[in-house]
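To start, the structure under review is shown below, and the notes come after it.
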Amino acid sequence: MRGAPDHALAALLAEAKVVNLRRPKEILRQGEDADCMYLILKGRVEVTFIDVNGNRVLAHSAVPGEVLGEVEQFSGRTCAATCTAQHDSTLMIFDAAMILRHLSADILLRNLAAIFHERLTRDNRQHTVAMFYTAEDRVRIHLLSMSTPDMPDVQISQTELAGFAGCSRQTVNRVLSQLRAEGIVDMGRGAIRVLDRTRLEQASVTGEQIFLDEPPASPRAGDHP
């Protein structure tokens with residue numbers, strides 16, 4: 001919706017439906033049609049899929065600002081994954097017909113391309129993390145990626161975090177216990193709070209800083225601070 005004129009946004013919002021979910025609820029199911037798409041306003045949505053061998057894979061934890069089901073809506077294909085809204089989530093529900101009525105083709109195409117670019121970048125980062133980082137650093141990286149300085153709380157269980165990091169729950173428990181003892185994180189029921197982001201960004205083995213995206217460019221000679 002980014003870039004749409006105010007009158008188009010107002011008309012779209014007037015048609016869309018907003019729901020508040022106090023308990024977890026499956027909103028899209030792998031292999032089934034997507035009757036609508038969802039914009040996350042609050043909370044998070046767990047994205048999982050079942051592979052050909054029946055293994056359940058935790059693929060992503062979607063947060064406010066992300067949209068789900070738009071690929072299936074516009075392509076007419078069945079859901080590539082199952083999406084489960086977690087407790088205390090607020091979602092806006094709409095469909096492709098609403099979008100086409102209120103957004104111009106150029107705005108829609110540009111924004112869809114931006115969504116796909118963000119997902120490609122995220123997938124590339126996940127491949128790099130899986131190949132080149134230790135289990136402890138994978139836990140650190142996923143805590144960093146699922147939190148921000150303004151939103152330090154990560155609503156996730158140790159089992160879910162183990163699924164993202166590709167390690168055992170025992171490994172996650174050991175790493176979190178160590179991070180808590182060092183004052184880097186705190187743990188509550190079903191949530192992890194990042195207390196010291198700077199120290200969390202330090203790789204466990206080398207001590208070098210972990211960059212989730214491109215590192216800042218070094219200043220060139222003659223550049224002013």
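Position 1 is the first residue of the sequence, and the numbers go up from there. As the structure is a computational prediction, the values presented were derived from the model and not from experiment.
- When every heavy atom of Met37 is checked against every heavy atom of Ala96, the shortest pair comes out as CE-N, 3.6 Å.
- Legend: ring-ring contact (aromatic ring centres under 6.0 Å, His included) pairs involving residues 159-181, not counting sequence neighbours, sorted by first then second residue: His142-Phe164.
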Donor-acceptor pairs under 3.5 angstrom involving side-chain atoms of residues 173-180: please list them, not counting sequence neighbours.
from: Asn173; atom 1: ND2; to: Gln158; atom 2: OE1; distance (Å): 3.2
from: Ser177; atom 1: OG; to: Asn173; atom 2: O; distance (Å): 2.8
from: Gln178; atom 1: NE2; to: Glu182; atom 2: OE2; distance (Å): 3.3

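- The two residues Ala8 and His102 come nearest to each other via the heavy atoms CB-O, 3.1 Å.
- In this view, Phe49 satisfies the ring pair (Phe, Tyr, Trp, His ring centres under 6.0 Å) rule with no residue, not counting sequence neighbours.
- Closest of all the heavy-atom pairs between Asp95 and Asp35 is CB-O, 4.3 Å.
- Considering all non-hydrogen atoms of both residues, Gly65 and Leu39 come closest at O-CD1, 3.7 Å.
- Scored by the side chain to side chain donor-acceptor pair (under 3.5 Å) test, Asn53 finds no partners at all (sequence neighbours excluded).
- Residue Ile27 comes nearest to Ala85 through the heavy atom pair CG2-CB, 4.4 Å, listed as atom of the first residue, atom of the second, then distance.
- Sorted by first and then second residue, the side-chain hydrogen bond (donor to acceptor under 3.5 Å, both in side chains) pairs with a member in residues 67-82 read Glu70-Arg119; sequence neighbours excluded.
- Salt bridge Glu136/Arg140: present, at least one basic N to carboxylate O contact under 4.0 Å.
- Taking Leu9 as the reference, Met1, Ala4 meet the side chain to side chain contact (heavy atoms under 4.5 Å, CB included) condition, with sequence neighbours excluded.
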Worksheet entry | Full working for side chain to side chain contact (heavy atoms under 4.5 Å, CB included) between Gln86 and Thr84 | CA-CA 6 Å; Gln86 300 304 292; Thr84 305; 3.8 Å; yes
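- With sequence neighbours left out, Thr90 forms a side chain to side chain donor-acceptor pair (under 3.5 Å) with Asn20.
- Legend: ring-ring contact (aromatic ring centres under 6.0 Å, His included) pairs involving residues 4-48, not counting sequence neighbours: none detected.
- Pairs passing the salt bridge (Lys or Arg N to Asp or Glu O under 4.0 Å) check and including a residue from residues 5-22, sequence neighbours excluded, read Glu15-Arg101.
- For Ser104, the side chain to side chain donor-acceptor pair (under 3.5 Å) partners at least two apart in sequence or on another chain are Asp106.
- Checking side-chain atoms of Arg197 against main-chain N and O of Ser147 turns up a donor-acceptor pair under 3.5 Å.
- Residues satisfying the side chain to side chain donor-acceptor pair (under 3.5 Å) test with Glu26, not counting sequence neighbours, are Arg29.
- Looking only at side-chain heavy atoms (C-beta outward), Leu41 and Pro64 stay at 4.5 Å or farther from each other.
- Counting only residues at least two apart or in different chains, salt bridge (Lys or Arg N to Asp or Glu O under 4.0 Å) contacts with residues 148-163 comprise Arg44-Glu160, Asp153-Arg193.
- Nearest heavy-atom pair, Leu161 versus Ile156, reported as atom, atom and distance to 0.1 Å: N-CD1, 3.7 Å.
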